[in-house]
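This report concerns only the one structure given below.
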Amino acid sequence: MSIKVTAVSKNYSSQKALDEVSFSAEKGQIIGFLGPNGAGKSTMMKILTGFVRPTSGAVFVDDIDVLQNPIAAQKNIGYLPEHNPLYAEMYVREYLHFQASLYKVGQREVENSIQKVGLESEAHKKINQLSKGFQQRVGLAAAIIHNPKVLILDEPTTGLDPNQLVEIRALIKALGKEKTVLFSTHIMQEVEAVCDRVIILQKGVILMDQTLLELHQNTKQLIEVTFDVQIEKSQFDQLKNKIFFENTHGNTWKIQFDSKNDMRSKIFDFAHENNFKILELNSQQKTLETLFREVTQSLHFHEN
Ligand code: ADP
C-alpha cells in the first residue's frame, strides 16, 4: 500500500484539527483532497510527510512507518507545501542542485526533473524572474527530484491563470501515471479533470471517500421533459427505474432515475408508444460541485 493512515487525530492545544482519520491508497492513484478552509487538509499532509506528529494514530508511506522512521519514509515522499516556498534569488538549476544535495542525488536527477516538468527553457533563469506557473513547475521539480513513489501537493494550482492551470493539471496527471498523488484543491472541476478518487474532509473528519467512477455511477440522472399534452400520473407507471417524478408546471415533468444508463431514449420510447410529442428535454447529472456542497452543508445542517 502506498499510503496507509489509521485513526489519525491531531490536536493543536484545544483545537482538534483531525479526528480519527483513516484512508489508504494503492499505487498509481491520483487523489483529490477537498474540504473547506480549516478542514485539516494541510495538517494531514504535514503528518504524512513527517513534518508534524499526530496526537494519535499511525501513518505508513510505502509500508514505512512515518512516525518511527521519518527520514526513511521521506525518501519515498515528494512534498510541495502550500504557497510553494522557494528561494527567489536562486537560479532554477542552482536551487534544484541544492534540493538534490539534500536527498543525496546528483546532476542526472536534476536534469531529469527539469525535463519531466518542462522547465528546459527557464532553467537558466532566476526563480523570481519566472511566471507563477513556471515557479510551480520548479516546486514540482524539487518535489520529484529524488524520484519518490508518493507525491503530496498542497494546493498546487492556487493562483495560476487559466492556461497555467491546464498545464499544471496535465503535469500532475502525467506524474500520477507512475506515482501515488494526493493533492488538495478548492476547484471541483480540477478533481474531475485529474483525479481517480476524491476524499472530502470537513472539521477533521472524512465525509466522503469515493472513486470518480463510483461517484459517476452513483449520481442520479435528473430529466426535465415537456410533452405536448397533459399526462396522467398513472401513465408514468410504464417508465421503469424512476425514483421520483413530479409535474413542475404545465406539461413539464421532472423525473429522477436510479440508473447508470442514459434514460433520455427511454423517455423518447415512452412518448412514442403513447403518441405524445416531446417539446423539450433536459438531462442533468449531478456535478461534483453540487455534491460537494450537499455533503459539506448537510453536516452544518445536522449541527444546527
Ligand atoms: P486546511 O488545510 O484544510 O485549510 P489546516 O490543516 O490548515 O486546514 O487547519 C486545520 C485546523 O487546525 C484549523 O482550525 C487551523 O486553524 C488549525 N491549525 C492548523 N495549524 C495550526 C497550528 N500550527 N497551531 C494551531 N492551530 C492550527
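Order of appearance sets the numbers: ligands from 1, and atoms from 1 within every ligand.
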*Near Ala39, which atoms of ligand 1 are under 4.0 Å from a heavy atom of that residue?*
1 (P), 3 (O), 8 (O)
*asked:* Considering non-hydrogen atoms of the protein only, which is the closest contact for atom 8 (O) of ligand 1, and what is the distance?
replied: Gly40 N, 3.0 Å
*asked:* Is it the case that atom NZ in Lys266 sees more than 12 heavy atoms from other parts of the structure closer than 6.0 Å?
replied: no
*asked:* Please determine whether the number of non-hydrogen atoms from other residues, nucleotides or ligands lying under 6.0 Å from atom CZ of Phe236 exceeds 12.
replied: yes
*What residue and atom, counting heavy atoms only, is the protein's closest point to atom 10 (C) of ligand 1, and at what distance?*
Gly38 O, 3.4 Å
*asked:* Keeping Arg53 on the side-chain end and Leu67 on the backbone end, is there a donor-acceptor pair under 3.5 Å?
replied: yes
*Mark up the atoms of ligand 1 that fall under 4.0 Å of a heavy atom belonging to Asn37, in ascending order.*
4 (O)
*Indicate, as side chain, backbone, both or neither, the part of Lys41 found under 4.0 angstrom from ligand 1 when only non-hydrogen atoms are considered.*
both
*In terms of side-chain heavy atoms, does Asn147 have a donor or acceptor partner in Glu109 at a distance below 3.5 Å?*
no
*Considering residues, nucleotides and ligands other than Lys27, do more than 12 of their heavy atoms fall under 6.0 Å from its NZ?*
no
*Short check: is a protein heavy atom less than 4.0 Å from atom 16 (O) of ligand 1?*
no
*Go through the side-chain N and O atoms of Tyr95 and Gln99 and say whether any donor and acceptor fall under 3.5 Å apart.*
yes
_Apply salt bridge (Lys or Arg N to Asp or Glu O under 4.0 Å) to residues Lys41 and Asp154 and explain how you reach the verdict._
CA-CA 8 Å; Lys41 303 180 298 294; Asp154 200 350; over 6 Å; no
_Within the 4.0 Å heavy-atom shell around Ser42, which atoms of ligand 1 are there?_
1 (P), 2 (O), 6 (O), 7 (O)
_Side chain, backbone, both or neither: Pro36 near ligand 1, heavy atoms under 4.0 Å_ = backbone
*Short question: side chain of Thr6, backbone of Gly57 - any donor-acceptor pair under 3.5 Å?*
no
*Has the side chain of Ser9 got a donor or acceptor atom that lies under 3.5 Å from a matching backbone atom of Glu20?*
yes
*Can you confirm whether something in the protein, heavy atoms only, sits under 4.0 Å from atom 19 (C) of ligand 1?*
yes
*How far is atom 24 (N) of ligand 1 from its nearest protein heavy atom, and which residue and atom is that?*
Tyr12 CD2, 3.5 Å
*In terms of residue, atom name and distance, what is the protein heavy atom nearest to atom 5 (P) of ligand 1?*
Thr43 OG1, 3.7 Å
_Tell me whether ligand 1 is touched by Gly35 - counting only heavy atoms on the residue side and a distance under 4.0 Å._
no
*Looking at atom 14 (O) of ligand 1, what's its closest protein heavy atom, distance included?*
Gln15 NE2, 3.2 Å
*With only distance considered, is Ala17 within less than 3.5 Å of ligand 1 through an N or O on each side?*
no
